[in-house]
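Read through the structure below, which is laid out as C-alpha cells, and then see the notes.
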Amino acid sequence: MDIWHGLDNIPQSLDASVVTIGVFDGVHRGHRRLIGTAVRRARELDVPCVLMTFEPHPVKVFAPERTPRLLGSLKDRQAMAEELGVDYFLTVDFTRSLAALSPTEYIEQVLVHQLHARAIVVGENFTFGHKAAGTSQTLETEGPLYGCDVDIVPLLSEDGHTISSTFIRSQLDQGHVDEAAWALGRPYSVYGEVEHGAGRGGRELGYPTANLYISPERALPADGVYAGWFTIDPGETVDGDMEPGVRYPTAISVGMNPTFNDDRRSVESFVLDRHADLYGLYATVEFIDYVRGMETFSGVDELLAAMHRDVDAVRAMTARK
C-alpha cells in the first residue's frame with residue numbers, strides 16, 4: 001500500500017479509482033465493512049482503492065474543546081487499511097479552506113479532478129463541504145453527473161447498538177472494555193515506550209510494572225484495574241525471560257498516582273510470571289476485561305492483598321480467552 005500526504009501529492013499517473021472517505025478513528029467493525037465494500041468495488045472495476053482520511057480530526061479545527069479522544073493513531077489506520085486491501089492511503093490536512101468548499105466544488109475538485117473517482121463508497125451518515133451541507137444523498141444525486149457511481153453503506157447496528165467511534169468511547173469511559181472490543185472487532189489497545197513510573201506497584205512490593213504514559217488526546221478506559229495482554233514490539237532486544245511479539249497475561253492499572261506526586265494518567269502493566277528489563281522498549285497493551293475500580297487502602301498489607309486478588313482474577317480471565 002502506498003501512502004500519500006496531501007492532495008498535492010496524488011500522482012498524476014492516477015487516472016481512475018474507487019474512493020472511500022472518512023476519519024475512520026479506531027477502524028471499528030462498521031468501518032471495516034465500509035472499507036471492505038470499497039475494496040471489492042475497486043476489484044470489480046479493476047481500478048485501485050483509495051482511502052481518504054483527515055489529520056487532524058475535523059472537529060479540532062472548528063471546536064478544539066470538543067475534539068474527541070482518539071481511538072488510534074494515524075499509523076494504526078494505515079496498518080489496518082493495508083490489512084483490508086486498500087491500495088492507496090491518502091491523508092488530507094483538514095483546513096478551513098478545504099472545509100469552505102461547497103459540496104459541488106468538493107466533488108469536482110477533489111473526487112473528480114484529483115482522484116478521478118469511478119465510484120465513491122461512503123457511510124449513510126457521511127457529510128462534507130461547507131457547513132457539512134453535503135450528505136451521502138448529495139453524492140448519490142450529483143456523483144452520476146460526473147460519471148461516478150455512489151455506494152452508500154448503512155451503519156452497522158447489532159444488539160440494539162449502532163457501532164461507532166462515539167459508542168466505543170462511551171464504553172471505555174465506563175470501563176466496559178469487553179463492549180469496546182465487541183464493537184472494534186478486537187481488544188482495545190494502547191502503544192508506547194515503557195518509562196520509569198512514580199512507584200505505584202513497585203518492585204519492592206513484588207509487583208514491578210511497565211509504565212506507559214499515553215497522550216491526553218488518546219482515549220483510555222476508566223480508572224481501574226483490568227485484565228489484558230502485554231506484547232513487546234517485534235525486533236526489540238529483551239533482557240529477561242520475555243520474547244518480542246508474544247502476548248503475555250497482564251494485570252493493568254489505569255489512573256493517576258497523587259500519592260507519589262504524579263498527576264499524569266498512566267497505564268501500568270504487571271506481567272504475570274515473567275521477569276525482564278522493559279525500560280525503553282516499545283510495547284502494546286490490550287484490555288480484555290474489567291477487574292475493579294480504583295480503591296484507597298489503609299496500608300501496605302491491604303494493598304498487597306488486593307494485588308494478590310487482582311492477579312488471581314487476571315489469571316482466570318486470560319485463561320478463558
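Quick caveat: nothing in here was measured; it's all calculated off a predicted structure.
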So for atom CD, which belongs to Gln137, do other residues, nucleotides or ligands contribute more than 12 heavy atoms lying within a distance under 6.0 Å?
yes

Would Asp46 and Arg118 count as a salt bridge (Lys or Arg N to Asp or Glu O under 4.0 Å) here? Give the steps.
CA-CA 10 Å; Asp46 194 27; Arg118 290 266 303 278; over 6 Å; no

Cluster membership besides Tyr282, Ile/Leu/Val/Met/Phe/Trp/Tyr side chains within less than 4.5 angstrom, sorted by chain and number, is Tyr191

Parallel, tilted or perpendicular: which one describes the rings of Trp4 and Tyr88, with boundaries at 30° and 60°?
parallel

Closer than 4.0 angstrom, basic N to acidic O: yes or no for Arg32 and Glu83?
yes

State whether a side-chain donor-acceptor pair under 3.5 Å links Thr135 with Thr138.
yes

In short, Ala219 meets Leu172 closest at the heavy-atom pair CB-CD1, 4.1 Å

Go through it in stages, so that I can follow the logic: the residues are Asp25 and Arg169, the test is salt bridge (Lys or Arg N to Asp or Glu O under 4.0 Å), and I'd like the CA-CA distance, side-chain angles, deciding distance and then a yes or no.
CA-CA 11 Å; Asp25 183 28; Arg169 290 186 198 99; 2.7 Å; yes

For the OG1 atom of Thr162 and the CG atom of Asn125, what is their distance to the nearest 0.5 Å?
9.5 Å

Flag the pair Phe94 / His57 as yes when their ring centroid distance falls below 6.0 Å, and as no otherwise.
no

Before you tell me yes or no, could you show the steps for Asp223 and Arg265 under side chain to side chain contact (heavy atoms under 4.5 Å, CB included), namely the whole-Å CA-CA distance, both residues' side-chain angles and the distance that decides it to 0.1 Å?
CA-CA 9 Å; Asp223 289 359; Arg265 200 155 177 243; 2.7 Å; yes

Considering non-hydrogen atoms only, spot the tightest contact between Ala100 and Glu105 and give its length.
O-OE1, 4.4 Å

Assess, by modelled atom type and distance only, whether the side chains of Asp173 and Ser170 contain a donor and an acceptor separated by less than 3.5 Å.
no

Let's go through Thr209 and Asn211 carefully: what are the C-alpha distance in whole Å and the side-chain angles of both, what is the deciding distance for side-chain hydrogen bond (donor to acceptor under 3.5 Å, both in side chains) to 0.1 Å, and is it a yes or a no?
CA-CA 6 Å; Thr209 56; Asn211 307 289; 3.2 Å; yes

